[in-house]
Structure formats: C-alpha cells, structure tokens
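By convention here, the first residue in the shown sequence is residue 1. Heavy atoms only: backbone and side chains are in, while hydrogens, waters and symmetry mates are out.
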Amino acid sequence: MSIHVNKNSLLEPEECECHLIPAKIEHVGSANVAQFFTTTIEKNETNSEMTATFRGRQLQGQSVQVPEGYTGLVLKEPNKPFTEDEDRTFRATHQFKNFTYWNLETATCANDAIVKSMVWPQIAQAIHEPVEIKKTNGSS
C-alpha cells in the first residue's frame with residue numbers, strides 16, 4: 001500500500017486555525033467550532049497557557065509553531081479504500097503555521113510528545129549535515 005497526496009491540492013490550501021484535542025469525535029463533517037469551542041478558551045497572558053472546556057471536561061493548552069521551513073497541512077481522503085492493501089490518496093484542504101494542542105486536565109509541558117516532535121526537523125538536519133574534519137599539526 002502506498003500513500004499519496006494530490007499535488008494540485010498543495011498549490012494554495014486555505015489558512016486555518018487548528019486545535020489538537022485529546023478526544024475521538026464520531027462525526028464527519030463541519031462543526032461550529034467558533035461558537036461552541038473557541039468561545040470557552042481563556043488565555044493566560046503571563047505564561048501563554050490556555051484553558052478551555054470540551055463537553056464539560058477541563059482542557060489545558062498551548063500554541064505550538066510549526067518548525068521553520070515547514071507548513072502544517074490538514075489532509076482529507078475523498079475516497080476511502082475498500083481494503084488495507086489499496087493505495088490511498090489524500091488532498092490538502094487547509095494549511096497552518098501554528099496550532100493549539102490540548103491536554104486533558106493536565107498542564108502542557110516541554111516533555112509532551114507533540115512539543116518534542118517539533119524539534120525533530122532540527123535534529124534530523126544536524127545529524128545529516130556533512131561533518132568537516134580539520135587536521136591539526138602532529139595528527140594524521
């Protein structure tokens with residue numbers, strides 16, 4: 001099975017505000033997030049932490065920048081495959097430069113997996129850069 005992204009959909013996807021919520025929502029389609037979710041967000045200006053509620057549960061969030069040189073994409077699969085062996089094709093519907101991730105009832109921290117994953121492009125670049133070896137006097 002191969003996974004493909006429709007290249008034409010990457011030309012100019014619409015900008016969007018993204019939230020990564022620790023919940024599985026059994027709904028396909030649009031939702032009025034602006035009216036029912038973003039209105040509950042409270043921002044702490046001193047430490048950039050956020051709080052909100054979702055279906056009565058406390059969420060604690062933080063805004064995260066997509067790494068420099070990268071763009072976040074929202075992908076949609078218009079045609080679901082019939083079997084797991086079939087190729088899959090997605091299309092980009094929206095793009096974003098930052099997103100808000102939410103923890104359920106616990107404060108966000110630098111040790112959260114999503115925060116640590118945003119550092120990976122810098123680590124990957126560092127370990128793949130050529131290493132210049134300088135010879136010093138007296139060494140071979």
Side-chain angles (χ1 to χ4, degrees):
M1 171 187 68
S2 298
I3 296 178
H4 307 278
V5 176
N6 180 319
K7 292 178 184 174
N8 291 335
S9 71
L10 297 172
L11 296 177
E12 289 189 37
E14 189 178 322
E15 287 280 334
C16 71
E17 180 180 339
C18 282
H19 295 271
L20 181 58
I21 298 176
K24 182 175 182 180
I25 301 169
E26 297 287 341
H27 174 72
V28 176
S30 61
N32 195 345
V33 175
Q35 181 180 357
F36 295 108
F37 181 68
T38 53
T39 57
T40 71
I41 297 174
E42 295 178 11
K43 297 179 182 180
N44 183 337
E45 300 300 328
T46 57
N47 60 8
S48 73
E49 291 177 358
M50 293 179 251
T51 59
T53 57
F54 182 73
R55 294 190 174 184
R57 303 288 302 269
Q58 178 76 27
L59 299 175
Q60 296 192 31
Q62 173 183 336
S63 182
V64 176
Q65 289 288 123
V66 174
E68 184 72 32
Y70 290 82
T71 300
L73 295 172
V74 176
L75 300 176
K76 184 175 184 176
E77 187 173 26
N79 302 310
K80 306 275 189 224
F82 291 109
T83 68
E84 291 182 12
D85 298 329
E86 289 184 58
D87 289 353
R88 299 176 73 178
T89 301
F90 293 84
R91 65 180 178 85
T93 60
H94 295 86
Q95 67 180 346
F96 55 92
K97 288 291 186 187
N98 65 336
F99 62 95
T100 304
Y101 85 97
W102 298 93
N103 284 340
L104 185 60
E105 300 175 352
T106 59
T108 59
C109 70
N111 204 30
D112 288 339
I114 195 73
V115 175
K116 291 193 298 187
S117 71
M118 293 296 116
V119 180
W120 179 248
Q122 294 171 343
I123 295 169
Q125 181 180 3
I127 64 175
H128 292 290
E129 284 182 350
V131 177
E132 186 178 313
I133 301 174
K134 293 183 180 180
K135 292 184 179 181
T136 59
N137 291 342
S139 64
S140 48

*Could you check if a side-chain atom of Ser2 sits within less than 4.5 angstrom of a side-chain atom of Arg88, using non-hydrogen atoms only?*
no
_Quick check on Asn79: does its CG atom have over 12 non-hydrogen neighbours (other residues, nucleotides or ligands) under 6.0 Å away?_
no
*Can you name the nearest heavy-atom pair linking Met1 to Glu86, along with the distance?*
CG-O, 3.0 Å
*Lys97 (side chain) donor-acceptor with Tyr70 (main chain) under 3.5 angstrom*: yes
*Would you say the ring centroid of Trp102 lies under 6.0 angstrom from that of Phe37?*
yes
_Taking Pro13's backbone N and O only, do any of them form a donor-acceptor pair with Gln95's side chain (distance below 3.5 Å, no angle check)?_
yes
*Does His4 have its ring centroid less than 6.0 Å away from the ring centroid of Phe90?*
no
*Mark yes or no for whether Asp112, through its side chain, and Val115, through its backbone, hold a donor-acceptor pair below 3.5 Å.*
no
*Do other residues, nucleotides or ligands put more than 12 heavy atoms under 6.0 Å from the CD atom of Glu15?*
yes
*Do other residues, nucleotides or ligands put more than 12 heavy atoms under 6.0 Å from the CD atom of Glu68?*
no
*asked:* Quick check on the hydrophobic clustering: are Trp120 and Met118 connected, directly or via other members, by side-chain heavy-atom contacts under 4.5 Å?
replied: no
*Are Leu104 and Arg57 side-chain neighbours, meaning at least one heavy-atom pair lies under 4.5 Å?*
yes
*Check the surroundings of atom CD in Glu105: do more than 12 heavy atoms from other residues, nucleotides or ligands lie under 6.0 Å from it?*
yes
*Is the closest side-chain heavy-atom distance between Glu17 and Thr38 below 4.5 Å?*
yes
